[in-house]
Amino acid sequence: MSSFRRDFLTKPIFSWARGVLPSMSDTEREALEAGDVWWDADLFTGNPDWSKLLKQAPATLTGEEKTFLNETVDELCAMLDDWKINWEWRDLPPEVWDYIKQKKFFGMIIPKEHGGLGFSPYAHSEVVRKLSSRSLVAAVTVMVPNSLGPGELLMRFGTREQQERWLPRLADGRDIPCFGLTSPEAGSDAASMIDSGVICKGTFEGKEAVGLRLNWHKRYITLGPIATLLGLAFKAYDPDHLVGNQDDLGITVALIPTDLPGVSIGHRHLPAMQVFQNGPNWGKDVFIPLDYIIGGKERIGQGWKMLMTALAAGRGISLPSLSAAGAAYAARTTGAYARIREQFGISISKFEGIEEPLARIAGTAYLLDAARRLTCAALNEGHHPAVISGIMKLQATERMRIAIDDAMDIHGGKAVIDGPQNYIGNLYRSVPVGITVEGANILTRNLIVFGQGAIRAHPYLLQEMNALGEEDHAKGLDAFDDAFWKHVGHSVATLFRALGRSWTGGLLAPAPDAGAATKFYRQLSRYSSAFALCADMALLTLGGALKRKEMLSARFGDILSELYLLSAALKRWQDEGRQATDFAALEWCMASGFRTIENRLAEILANLPNRFVAAILKLVVQPFGARVLGPSDRVVHECAQLILEPSAVRDRLTPDLAHVDDDGGVARLEKAFLLVTGAEEISKRMRAAHLHDWQEAVKRGVITQAEGEKLKATHEAVAKVVEVDDFAPEALSPIYKKPNVRQFFQELGEQRAAS
């Protein structure tokens with residue numbers, strides 16, 4: 001029976017599919033093969049196994065990691081003055097650089113056997129998160145050597161000799177690493193790089209050797225201006241066939257000590273006024289031996305796959321950690337500021353127009369940290385989920401942007417006027433950097449999340465593609481026959497799942513017993529089946545053309561992203577003991593995510609080229625249209641309240657941020673916040689008596705003298721928070737230091753005063 005099916009049903013489909021299968025570049029294939037799949041594969045089935053998610057052990061820290069975070073990182077944070085770093089020194093001060101090296105911040109991920117700290121991905125994430133809440137420059141400086149760079153690549157792919165030589169030097173800061181990937185000509189399209197390495201014979205350290213003669217131009221390289229060891233991506237060529245029979249060997253990565261002849265280190269870039277070390281570099285006829293290739297001669301041409309494998313982990317840690325910190329920082333500071341700031345005689349937190357962005361900030365902080373923790377839990381167990389890492393980088397940085405914009409709007413002039421007391425402005429300026437690096441978000445959203453996810457995470461699609469690409473026709477047909485009919489059965493089952501779950505509003509969808517959150521699991525099961533069915537039909541009707549339908553691909557990617565992020569929020573609520581006081585944040589996340597999913601489904605169905613299939617799908621998955629409108633006014637109000645009072649829930653939403661005991665902007669804010677909330681009952685009695693002067697209230701017996709003194713201290717603390725910095729003219733511009741300029745402006749001021 002199976003041979004009949006194969007020969008008479010599958011064979012013509014197989015022949016047709018081989019003819020229409022679009023060609024795949026080497027870089028595309030290597031990107032697909034990098035990393036692995038995890039919970040994203042469950043979501044793609046259309047029937048996620050919730051018990052698998054709930055059994056996942058939460059990410060935790062060892063005792064050593066906790067000590068480092070609570071002592072060493074706190075000590076570093078105390079050394080950081082963000083205003084001076086950015087506006088006076090334009091760099092980290094020497095004592096900070098020394099401390100970072102001494103305490104092995106650059107070697108967090110390097111194993112102890114090579115002199116590093118041997119920390120887990122979660123510990124790496126926690127360190128970056130805390131540093132980000134104090135100084136973005138310090139956070140970026142620390143996170144880059146522990147993310148995509150020579151250390152990560154050496155650990156995964158380096159030879160034993162390379163690891164023993166370089167890792168101890170990277171761990172203790174004797175060598176400062178950077179990685180050169182981005183070229184002016186290529187940008188996100190690494191396949192277009194023109195940086196080259198030609199295999200030839202040359203002289204290295206006085207001895208003749210077979211090696212590479214390198215020529216390159218890289219830019220946007222973080223730590224580049226001070227790096228002593230450059231990881232370099234280039235295209236290798238072997239015109240004289242010294243190592244094989246091919247001329248073009250492909251993208252390769254090698255280690256380049258920056259003191260080699262021909263290496264030129266450029267001046268510094270200034271990325272959005274962020275002063276972490278970043279700049280261009282060049283190489284002209286730089287000769288290195290073959291054993292400087294990471295992994296040795298055997299790894300020639302494998303560079304892109306190596307980079308994508310490393311990025312599959314790094315993208316899930318660095319920028320998501322920074323973004324989660326940014327959202328939590330915005331929640332803590334903006335909630336406090338809204339609570340203490342008054343307009344028209346009442347706290348601005350009472351205005352519904354303020355509650356809406358406050359709820360959005362609080363909900364975003366809850367969601368991003370939930371997703372960060374879940375992703376780190378997977379990384380801790382050795383997974384390298386490439387699609388999820390792409391989701392995290394894209395969604396975390398985009399949502400941080402929204403949270404910081406909301407924080408700026410609520411703070412108003414307080415966040416606009418720069419100075420040492422402005423604790424939001426620099427974070428606002430830094431957002432475009434996170435959006436741009438490690439793969440521009442537009443590219444990630446339109447091409448990568450669903451483009452890679454549809455192939456990697458789908459239960460059968462990659463098997464079918466591999467079968468179609470098999471050189472042995474008979475072997476390929478057998479493999480395709482097996483995968484194709486399993487795919488057909490899966491699609492039929494998904495069709496009936498989606499039909500039943502959509503028409504019953506999710507009542508028939510599976511869900512664990514999760515108390516008040518059970519209904520949310522049912523809806524995610526419903527949306528997962530709808531997503532899986534629509535994705536299958538889009539792939540069936542569009543085939544390889546789907547990757548050129550970027551707007552459709554982006555909408556599918558948005559749904560997959562929401563499914564993952566909302567799963568993480570549910571997992572967090574479960575892991576934290578189903579805290580009833582946190583439920584408003586969970587409700588806000590779910591309602592917001594469901595709205596996005598339903599809107600994207602409606603947009604897909606409205607734009608799918610095959611209108612007959614679109615009509616059938618609409619009848620199956622969205623018979624009543626997009627009906628979720630987002631969080632209700634009640635949910636918005638309750639979610640906003642979570643960050644407006646000192647409480648355990650506020651602390652859970654904003655954990656482990658850097659709180660330094662000084663007179664900086666955040667310290668002043670925290671002090672005023674505690675005083676205002678502590679004096680609330682006193683203020684109520686004053687308002688009830690229609691009094692504004694506390695001394696008058698004391699005279700009339702409305703409040704006691706002690707209560708009056710408390711109100712006075714509160715008002716003074718609030719005034720210190722609300723005030724903004726100003727500067728003498730000569731402090732802002734050197735032109736004012738010239739005597740004739742000072743005299744000119746002085747006379748101008750006198751003329752204006754006289755008139």
Please answer whether the main-chain N or O of [Y] pairs with a side-chain N or O of [X] as donor and acceptor at a distance below 3.5 Å.
X: D36; Y: H384; result: yes
X: S318; Y: M143; result: no
X: N281; Y: G224; result: no
X: Q274; Y: A272; result: yes
X: R134; Y: A658; result: no
X: Y292; Y: L212; result: no
X: R668; Y: G664; result: no
X: Q162; Y: T159; result: yes
X: K284; Y: G262; result: no
X: N422; Y: G665; result: no

inquiry  = Go through it in stages, so that I can follow the logic: the residues are N446 and S553, the test is side chain to side chain contact (heavy atoms under 4.5 Å, CB included), and I'd like the CA-CA distance, side-chain angles, deciding distance and then a yes or no.
reply    = CA-CA 6 Å; N446 286 272; S553 181; over 6 Å; no

request  = Take T334 and D406 through the test side chain to side chain donor-acceptor pair (under 3.5 Å) and record every step on the way to the result.
outcome  = CA-CA 9 Å; T334 310; D406 283 334; over 6 Å; no

Pair D195-N215, side-chain donor/acceptor within less than 3.5 Å = no

ask   = Does one side chain, of T228 or D175, offer a donor that lies under 3.5 Å from an acceptor on the other?
value =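 Yes, because at least one side-chain N or O of T228 sits under 3.5 Å from a partner of the opposite role on D175.
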
Minimum heavy-atom distance [X]-[Y], with the two atoms named:
X: L181; Y: I221; result: N-CD1, 4.0 Å
X: A370; Y: A568; result: CB-O, 3.5 Å
X: E152; Y: I109; result: OE1-CD1, 3.2 Å
X: V431; Y: M400; result: CG2-CE, 4.2 Å
X: L657; Y: A325; result: CD2-O, 4.4 Å
X: M273; Y: N426; result: O-OD1, 4.4 Å

Test item: [X] and [Y] side chains (from C-beta on) under 4.5 Å apart, heavy atoms:
X: V128; Y: I317; value: no
X: V275; Y: W89; value: no
X: H124; Y: F119; value: no
X: I410; Y: P357; value: yes
X: I85; Y: V96; value: no
X: K218; Y: S183; value: yes
X: W83; Y: D725; value: no
X: R156; Y: M306; value: no

inquiry  = For R372 and E126: C-alpha separation, side-chain torsions, deciding distance, then whether salt bridge (Lys or Arg N to Asp or Glu O under 4.0 Å) applies.
reply    = CA-CA 10 Å; R372 178 187 70 92; E126 287 285 278; 2.6 Å; yes

message = Y99 vs E75, test: side chain to side chain donor-acceptor pair (under 3.5 Å). Steps then yes/no.
response = CA-CA 9 Å; Y99 188 83; E75 189 172 346; 3.2 Å; yes

task = Please lay out, stage by stage, how D369 and R129 fare under the test side chain to side chain contact (heavy atoms under 4.5 Å, CB included).
result = CA-CA 10 Å; D369 216 48; R129 185 180 179 279; 3.2 Å; yes

key: Steps toward side chain to side chain contact (heavy atoms under 4.5 Å, CB included) verdict (R299, I294)   = CA-CA 7 Å; R299 291 286 183 180; I294 296 179; over 6 Å; no

key: Candidates I388, D558, I391 - the one meeting side-chain contact (heavy atoms from CB on, under 4.5 Å) with V449   =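 Filter result, single survivor: I391.
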
query = Looking at V127, L322, V142, V140, which hits side-chain contact (heavy atoms from CB on, under 4.5 Å) with S132?
reply = L322

Spatial distance of atom [atom1] ([X]) from atom [atom2] ([Y]) [nearest 0.5 Å]:
X: L368; Y: M392; atom1: CG; atom2: CE; value: 7.0 Å
X: L153; Y: T309; atom1: CG; atom2: OG1; value: 9.5 Å
X: I404; Y: I361; atom1: CD1; atom2: CD1; value: 7.5 Å

request  = From the options R399, K393, E398, select the one residue that forms a side chain to side chain donor-acceptor pair (under 3.5 Å) with Q395.
outcome  =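 Looking at R399, K393, E398, the match for Q395 under the side chain to side chain donor-acceptor pair (under 3.5 Å) is R399.
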
More than 12 heavy atoms of other groups within 6.0 Å of [X] [atom1]:
X: Y220; atom1: OH; answer: no
X: Y428; atom1: OH; answer: no
X: L270; atom1: CG; answer: yes

request  = Mind telling me whether F68 and F105 have parallel, tilted or perpendicular rings, with 30° and 60° as the class edges?
outcome  =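 Because their plane-to-plane angle lies in the 30° to 60° range, the rings of F105 and F68 count as tilted.
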
task = Before giving the answer on side chain to side chain contact (heavy atoms under 4.5 Å, CB included), spell out for L447 and E550 the whole-Å C-alpha distance, their side-chain angles and the decisive distance to 0.1 Å.
result = CA-CA 6 Å; L447 295 176; E550 294 179 23; 3.7 Å; yes

task = Begin with the C-alpha distance, continue with both residues' side-chain angles, and end with the deciding distance and a verdict on salt bridge (Lys or Arg N to Asp or Glu O under 4.0 Å) for R429 and D418.
result = CA-CA 11 Å; R429 280 187 295 275; D418 268 318; 2.8 Å; yes

